[in-house]
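Step one of this worksheet: look at the structure below.
Everything numeric in this text was worked out from a predicted model, so none of it was measured. All heavy atoms count here, side chains included; hydrogens, waters and symmetry mates do not. Letters go in sequence order (proteins before strands), and every chain restarts at 1.
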There are 2 protein chains.
Amino acid sequence: MRDSTVQALEVCSIEVTVSLIGGCWKLTIIQKLLEGTLRFGELRREVGYVTDRVLTRQLRELEADGLVHREVFPQVPPKVEYSLTPLGESLRDMVAMMDAWGQRWAAEQGVEPAPSVLAS
Amino acid sequence: MRDSTVQALEVCSIEVTVSLIGGCWKLTIIQKLLEGTLRFGELRREVGYVTDRVLTRQLRELEADGLVHREVFPQVPPKVEYSLTPLGESLRDMVAMMDAWGQRWAAEQGVEPAPSVLAS
DNA sequence: ATTGACACTATCCTTACGGTTAGTACTGGA
DNA sequence: TCCAGTACTAACCGTAAGGATAGTGTCAAT
């Protein structure tokens with residue numbers, strides 16, 4: 001378990017949640033996987049600006065935290081599929097809520113809203 | 001607007017939400033304020049381990065982002081009250097959801113759960 | 001023979017963020 | 001007289017996380 005999570009456990013469950021899904025790109029990754037299993041390359045193209053190295057790290061953390069399942073197919077060229085565990089799936093409502101809230105915030109600030117992941 | 005929020009706006013609304021509430025202590029602060037207006041010192045004692053300087057910064061960011069209202073009473077010794085704006089209030093359901101999810105995660109990991117903020 | 005796809009890994013750099021310590025101005029109470 | 005409480009601010013530090021760049025091994029296609 002990562003240090004930040006251990007610390008969060010001493011404060012409150014909310015901080016635990018933030019420590020697990022608060023990392024850059026993590027919720028975007030989860031949102032993409034909510035639509036179905038994806039290979040590494042597909043995920044990278046879907047997410048956008050992320051680099052290989054960062055995407056790999058975030059996926060490994062999500063895997064270690066039990067949110068993402070990683071399946072390696074022993075073939076050449078390599079094939080690796082990523083999907084959500086039930087725990088990851090259980091974030092569906094929260095993802096939707098955060099998406100909606102982010103849009104509301106942008107609206108109240110009079111800012112051009114970010115593209116909604118759910119509309120895509 | 002902070003850089004991280006600007007960047008997030010180019011990606012998706014979910015990242016916007018994370019950039020606004022993902023900071024350390026921020027959701028804990030919001031949770032305390034969901035129960036009512038608090039003075040600076042009360043908030044510091046409620047939150048726990050946070051230092052003055054960090055708490056001040058988080059509050060200022062929350063204020064700049066339109067989630068928290070700061071009211072200064074021109075008196076000596078100084079008195080400053082913090083409360084949630086309607087936008088901040090609108091996080092109530094999300095806070096509850098994240099609290100519940102954090103507990104569920106701890107349960108599935110077989111970890112001693114963090115104290116629930118909602119039980120207090 | 002070279003290139004590209006695939007899913008990474010290694011190395012390094014930079015910055016932002018959280019954190020520590022100390023200090024401010026004023027007052028009321030011991 | 002001294003100290004504590006109030007709500008901060010200033011200056012500084014250390015680390016962790018994100019990001020950039022380059023390299024790995026195998027195979028298919030050009």
Under 4.0 Å from OP1 or OP2 of [N]: is there any side-chain N or O of [X] that close?
{"X": "A:Gln58", "N": "D:dG18", "result": "yes"}
{"X": "A:Tyr49", "N": "D:dA20", "result": "no"}
{"X": "A:Trp25", "N": "D:dG19", "result": "yes"}

For [X] and [N], give me the distance from atom [atom1] to atom [atom2], rounded to whole Å.
{"X": "A:Lys79", "N": "D:dC27", "atom1": "NZ", "atom2": "P", "value": "18 Å"}
{"X": "A:Lys26", "N": "D:dG19", "atom1": "NZ", "atom2": "P", "value": "13 Å"}
{"X": "B:Glu81", "N": "D:dA7", "atom1": "CD", "atom2": "P", "value": "10 Å"}
{"X": "A:Glu61", "N": "D:dA17", "atom1": "CD", "atom2": "P", "value": "7 Å"}

inquiry  = Return whichever of A:Tyr82 or A:Gln7 has its heavy-atom-nearest nucleotide of DNA chain C closer to the 5' end.
reply    =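 This one resolves to A:Tyr82.
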
inquiry  = Holding to side-chain hydrogen bond (donor to acceptor under 3.5 Å, both in side chains), I want the full list of residues that pass it with B:Arg60, two or more places apart in sequence or in another chain.
reply    = none

request  = Can you sort out the partners of B:Glu10 under side-chain hydrogen bond (donor to acceptor under 3.5 Å, both in side chains), two or more places apart, ordered by chain and number?
outcome  =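 So B:Glu10 forms no side-chain hydrogen bond (donor to acceptor under 3.5 Å, both in side chains) with any residue.
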
request  = List the atom of B:Cys12, the atom of A:Ala114, and the distance in Å for their closest heavy-atom pair.
outcome  = C-CB, 3.5 Å

task = Check B:Trp105 against A:Asp65 and note the closest heavy-atom contact, atom names and distance.
result = NE1-O, 3.0 Å

ask   = Where each residue is assigned the nucleotide of DNA chain D containing its nearest heavy atom, which of A:Asp3 and B:Arg57 is assigned the position nearer the 5′ end?
value =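 Closest to the 5' end, via its nearest nucleotide, is B:Arg57.
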
request  = State which residue, out of B:Leu87, B:Leu91, B:Thr5, fulfils the side chain to side chain contact (heavy atoms under 4.5 Å, CB included) condition with B:Leu20.
outcome  = B:Thr5

Output a table of nitrogen or oxygen pairs between the protein and nucleotides 28-30 of chain D separated by less than 3.5 Å.
none

Polar atoms only, N or O, under 3.5 Å: list the protein pairs with nucleotides 9-11 of chain D and their distances.
unit_1 : atom_1 : unit_2  : atom_2 : d
D:dT9  : OP1    : B:Arg60 : NH1    : 3.0
D:dT9  : OP2    : B:Arg60 : NH1    : 3.2
D:dA11 : N6     : B:Arg53 : NE     : 3.1

ask   = So where does chain A start and stop touching DNA chain C, 5' to 3', when the test is distance under 4.0 Å to a non-hydrogen atom?
value = C:dC6 to C:dC12

key: Where at least one partner belongs to residues 74-86 of chain A, residue pairs that pass side-chain hydrogen bond (donor to acceptor under 3.5 Å, both in side chains), sequence neighbours excluded   =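 Those involving residues 74-86 of chain A are A:Arg70-A:Tyr82.
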
inquiry  = Test salt bridge (charged side-chain N to carboxylate O under 4.0 Å, His left out) on A:Glu35 and A:Lys32; report intermediate values, then the result.
reply    = CA-CA 6 Å; A:Glu35 292 167 14; A:Lys32 300 299 178 190; 5.6 Å; no

query = With a non-hydrogen cut-off below 4.0 angstrom, is B:Thr51 in contact with a base, only sugar-phosphate, or nothing?
reply =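 Counting heavy atoms under 4.0 Å across all strands, the contact made by B:Thr51 includes a base.
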
inquiry  = Could you tell me if B:Asp99 and B:Gln103 have a donor-acceptor pair between their side chains, going purely by distance under 3.5 Å?
reply    = yes

ask   = Which nucleotide in the list D:dG19, D:dC8, D:dC27 gets nearest to the side chain of B:Val80?
value =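 Between D:dG19, D:dC8, D:dC27, the one nearest the side chain of B:Val80 would be D:dC8.
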
key: Pair A:Arg104 + A:Glu108, salt bridge at N-O below 4.0 Å   = yes

request  = Report the distance from atom CE of A:Met97 to atom CE of B:Met98, rounding to the nearest 0.5 Å.
outcome  = 11.0 Å

ask   = Which value, rounded to the nearest 0.5 Å, describes the distance between B:Leu62 atom CG and B:Arg57 atom CZ?
value = 12.0 Å

